[in-house]
Colleague: 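Sharing a structure below in structure tokens format, with a few things to ask.
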Amino acid sequence: MANPIAKWLQKFGKCLERGDIDGSAKLFDDQCYWRDLIALTWTIKTFEGRGEIQAMLSATLGPAAPGGFFALAEPVKTGDGVVEGWFAFETALGRGTGHLRLRDGRCWTILTTLQELKGFEEPAGPLRARGLEHGVVPERLSWLERRRKDAAELGFALQPYVLIVGGGQGGLALAARLKRLEVPTLVVE
């Protein structure tokens with residue numbers, strides 16, 4: 001039997017490619033929820049019901065350009081009339097993963113999360129930072145010298161791509177994550 005998650009994602013992807021928001025909405029159950037974590041809306045928000053989902057797609061479909069939906073190789077789970085599974089997708093600016101639950105072949109809940117920004121992929125494997133540099137390295141800057149250089153350049157030679165309002169735990173954690181991805185970021189408190 002074909003994977004119902006893959007089958008639904010294929011229909012959904014085709015509707016989105018055509019810009020068919022009404023056709024997309026018909027793939028959702030009468031009672032449905034879409035939780036988006038930065039992927040399409042650039043915020044964290046839950047949309048309840050077809051009307052809210054249609055409004056969200058109307059506002060974000062063009063700029064976000066979601067597509068490339070495919071079910072992940074993990075086994076699909078079934079129980080109590082619900083089929084659920086994980087999937088991957090892309091937008092104009094990033095790549096994400098999601099979780100989908102189907103009831104009677106229609107979407108009951110969907111979660112979309114942005115995992116990485118295109119052009120700012122996770123430096124993993126051989127691209128991963130090596131940590132401390134040991135030994136003699138000509139013209140190596142100390143941590144403080146690098147910090148002062150970065151602070152002097154940000155806003156002048158290097159413009160921030162992201163402004164984080166709030167220097168609490170969440171804001172600082174996000175800033176640290178974006179720094180790891182080499183996304184110029186400014187935090188204001």
Colleague: Are a donor atom and an acceptor atom from the side chains of T60 and T41 found within less than 3.5 Å of each other?
Modeller: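 On atom types as modelled, these side chains do not qualify, holding no pair under 3.5 Å.
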Colleague: Should we say atom CD of Q169 is surrounded by more than 12 heavy atoms from elsewhere, each under 6.0 Å from it?
Modeller: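 Check fails, neighbour count at 12 or below.
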Colleague: Please determine whether a side-chain nitrogen of the Lys or Arg among D29 and R103 lies less than 4.0 Å from a carboxylate oxygen of the Asp or Glu.
Modeller: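 Yes, this pair counts.
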Colleague: Nearest 0.5 Å, please: how far is CG in L9 from CZ in F69?
Modeller: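 It is 7.0 Å, given to the nearest 0.5 Å.
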Colleague: Does some side-chain heavy atom of I164 sit less than 4.5 Å from a side-chain heavy atom of L178?
Modeller: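 Result yes, sub-4.5 Å side-chain heavy-atom pair found.
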Colleague: Can you name the nearest heavy-atom pair linking A39 to T91, along with the distance?
Modeller: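 Nearest pair, atom of A39 first, then T91: O-CG2, 3.7 Å.
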Colleague: Do the charged groups of R95 and E116 touch, with an N to O distance under 4.0 Å?
Modeller: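 Answer for the salt bridge query: yes.
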Colleague: Does the pair R148/E153 count as a salt bridge with the N-to-O cut at 4.0 Å?
Modeller: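 No salt bridge links R148 with E153.
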Colleague: Do V76 and E84 have side chains that get closer than 4.5 Å, going by heavy atoms?
Modeller: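 V76 vs E84: side chains apart.
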Colleague: According to a hydrophobic-cluster definition based on side-chain heavy atoms being under 4.5 Å apart (Ile, Leu, Val, Met, Phe, Trp, Tyr only), do I53 and L61 belong together?
Modeller: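 Per the 4.5 Å side-chain linkage, I53 and L61 are co-clustered.
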Colleague: Among F12, F28, W34, Y33, which residue meets the side-chain contact (heavy atoms from CB on, under 4.5 Å) test with C107?
Modeller: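 That would be F28; it is the only one of F12, F28, W34, Y33 passing the side-chain contact (heavy atoms from CB on, under 4.5 Å) with C107.
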Colleague: Is the distance between the ring centroids of F120 and Y161 less than 6.0 Å?
Modeller: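 Yes, ring centres under 6.0 Å apart.
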Colleague: Is it true that K149 and E145 have a side-chain N and a carboxylate O under 4.0 angstrom from each other?
Modeller: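 Judged by the 4.0 Å cut-off on N to carboxylate O distance, K149 and E145 do not form a salt bridge.
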Colleague: What are the two closest non-hydrogen atoms of L102 and P4, and how far apart are they?
Modeller: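 It is CD1-O, 3.6 Å.
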Colleague: Give me the atom names and distance for the closest heavy-atom approach of E52 to E48.
Modeller: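 Here E52 and E48 meet closest at OE1-N, 2.9 Å.
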Colleague: Do K77 and V82 have side chains that get closer than 4.5 Å, going by heavy atoms?
Modeller: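 They are not in side-chain contact.
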Colleague: Does atom NZ (K118) have a neighbourhood of more than 12 heavy atoms from anything else shown, all under 6.0 Å?
Modeller: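 It does: K118 NZ has more than 12 such atoms within range.
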Colleague: Would you say CZ of R147 has more than 12 non-hydrogen atoms from neighbouring residues, nucleotides or ligands within 6.0 angstrom?
Modeller: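 Atom CZ in R147 is not packed in, count stays at 12 or less.
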Colleague: State, yes or no, whether a side-chain contact exists between K179 and D150 at a heavy-atom distance under 4.5 Å.
Modeller: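 Answer yes - side chains close enough.
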Colleague: Tell me whether R50 is salt-bridged to D30, with the criterion being a basic N under 4.0 Å from an acidic carboxylate O.
Modeller: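 Salt bridge flag = yes for D30 with R50.
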Colleague: Short question: side chain of W8, backbone of L27 - any donor-acceptor pair under 3.5 Å?
Modeller: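 Answer holds: yes.
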Colleague: Kindly work out whether a path of hydrophobic side-chain contacts (I/L/V/M/F/W/Y, heavy atoms less than 4.5 Å apart) joins L114 to F89.
Modeller: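 Result: no, two separate clusters.
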Colleague: Side chains of E122 and R180: does their closest heavy-atom pair fall under 4.5 Å?
Modeller: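 E122 reaches R180 side chain to side chain.
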Colleague: Which pair of non-hydrogen atoms, one from L154 and one from P184, has the smallest distance, and what is that distance?
Modeller: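 Residues L154 and P184, closest heavy atoms: CD1-CB, 4.3 Å.
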Colleague: Could you pull out the closest heavy-atom pair between S24 and L16, with the gap in Å?
Modeller: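 Of all heavy-atom pairs spanning S24 and L16, the closest is OG-CD2, 3.5 Å.
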Colleague: Out of curiosity, Q115 CD to E90 CD, how far, rounded to the nearest 0.5 Å?
Modeller: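 So the gap between those two atoms works out to 12.5 Å.
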Colleague: Under the 3.5 angstrom rule, does the side chain of Q159 hit a backbone N or O of G155 as a donor-acceptor pair?
Modeller: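 Pair found, side chain donor or acceptor close to backbone of G155.
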Colleague: Counting C-beta onward and ignoring hydrogens, is there a side-chain heavy-atom pair between I38 and T113 closer than 4.5 Å?
Modeller: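 No. Closest side-chain heavy atoms not under 4.5 Å.
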Colleague: Does L40 reach the side chain of P66, with side-chain heavy atoms less than 4.5 Å apart?
Modeller: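 In contact.
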Colleague: Which atoms form the tightest heavy-atom contact between W108 and Q31, and what is the distance?
Modeller: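 Where W108 meets Q31 most closely, the heavy atoms are CD1-O, 3.3 Å.
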Colleague: For a side-chain contact (heavy atoms from CB on, under 4.5 Å) with L37, tell me which candidate from T46, T43, L111, T112 qualifies.
Modeller: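 Answer to the side-chain contact (heavy atoms from CB on, under 4.5 Å) test with L37 among T46, T43, L111, T112: L111.
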